[in-house]
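FYI, side chains are in, hydrogens and waters are out, and symmetry mates aren't considered; it's all heavy atoms of this structure.
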Amino acid sequence: QVQLLESGGGLVQPGVSLRLSCAASGLTFRRYSMGWFRQGPGKLREFVAAIWWSTSTSSYAVSVKGRFTISRDNAKNTVYMQMNSLKPEDTAVYYCAAKYGSGSDKDAESYGYWGQGTQVTVSS
């Protein structure tokens, strides 16, 4: 079965960096667009970043653009998100998701597979 396993979360101080990883199995990874979403305390799940399967074109939420970078390694079936200059408002559970075919990369409904999430807490 399809599994998406996130790692790399933790408790960090404002201004530092973290890199999240999401290892995929059970699917033809190179055929899937991959996304990162997050859900902060008392908030709805929101789009963070996505990377397309065919061109590796990426897209970002306005709140993270310029600070976060999504990338993928198809040889390792892994998608990454480098998060720099972290802020307290970035505190959330971060989820990796896989999308096959068309559909908005910013719409969670477009994604058919989800990981369990990894907690990122930014606090001094």
Where do [X] and [Y] come nearest, in terms of heavy atoms and distance?
X      : Y      : value
Ser104 : Ser110 : O-OG, 3.0 Å
Ser124 : Pro14  : N-CD, 3.7 Å
Ala50  : Asp105 : CB-CB, 3.7 Å
Val120 : Gly9   : CG2-CA, 4.0 Å
Gly8   : Leu18  : O-CD2, 3.6 Å

Revision key, fill the gap. Contacts satisfying side-chain hydrogen bond (donor to acceptor under 3.5 Å, both in side chains) that involve residues 68-79 (not counting sequence neighbours) are Arg72-Asn74

Practice item. Could you name each residue pair satisfying side-chain hydrogen bond (donor to acceptor under 3.5 Å, both in side chains) that touches residues 1-27, not counting sequence neighbours? Key: Ser17-Asn84

**Study point:** Sequence-distant partners of Lys65, side-chain contact (heavy atoms from CB on, under 4.5 Å), two or more places apart
**Key:** Tyr60

**Study point:** Side chains of Trp53 and Met34 in contact at under 4.5 Å (non-hydrogen atoms)
**Key:** no

Review point. Is any side-chain heavy atom of Val79 less than 4.5 Å from a side-chain heavy atom of Ile70?
Key: yes

Review point. If you draw the axis of the six-membered ring of Trp52, does the NZ or CZ of Lys99 fall within 45° of it and under 6.0 Å from the ring centre?
Key: yes

Pairs touching [range] that satisfy disulfide (SG to SG under 2.5 Å), sequence neighbours left out:
range          : value
residues 27-78 : none
residues 11-45 : Cys22-Cys96
residues 34-69 : none

Connected hydrophobic set around [X], excluding itself, where side chains approach under 4.5 Å:
X     : value
Leu44 : none
Leu11 : none
Val93 : Phe37, Phe47, Tyr95, Tyr111, Trp114

Check your understanding: So if you build clusters from Ile, Leu, Val, Met, Phe, Trp, Tyr with side-chain heavy-atom gaps below 4.5 Å, do Tyr80 and Val48 land together?
Key -> no

Review point. Is there a path of hydrophobic side-chain contacts, each under 4.5 Å between heavy atoms of I, L, V, M, F, W or Y residues, that connects Tyr94 with Val16?
Key: yes

Would you compute the distance between atom [atom1] of [X] and atom [atom2] of [Y] and round it to the nearest 0.5 angstrom?
X      : Y     : atom1 : atom2 : result
Ile51  : Thr57 : CD1   : OG1   : 8.0 Å
Tyr113 : Leu4  : OH    : CG    : 9.5 Å
Leu20  : Met81 : CG    : CE    : 5.0 Å

Check your understanding: Would the number of heavy atoms belonging to other residues, nucleotides or ligands and lying under 6.0 Å from CD of Gln39 be above 12?
Key -> yes

Review point. Got a sec, which residues hit side chain to side chain donor-acceptor pair (under 3.5 Å) with Thr28, two or more places apart in sequence or on another chain?
Key: none

Point to revise | Results of side chain to side chain donor-acceptor pair (under 3.5 Å) for Thr91 - residues two or more places apart only | key: none

Check your understanding: Which residues satisfy the salt bridge (Lys or Arg N to Asp or Glu O under 4.0 Å) test with Glu46, sequence neighbours excluded?
Key -> Arg38

Check your understanding: With distance as the sole test, does Arg67 use its side chain to make a donor-acceptor pair with the main-chain N or O of Ser63 at under 3.5 Å?
Key -> yes

**Study point:** Test item: Asp90 side-chain N/O and Lys87 main-chain N/O as donor-acceptor pair under 3.5 Å
**Key:** yes

Exercise for review: Test side-chain contact (heavy atoms from CB on, under 4.5 Å) on Leu86 and Phe68 and set out the steps.
Suggested key: CA-CA 9 Å; Leu86 282 162; Phe68 290 12; 3.9 Å; yes

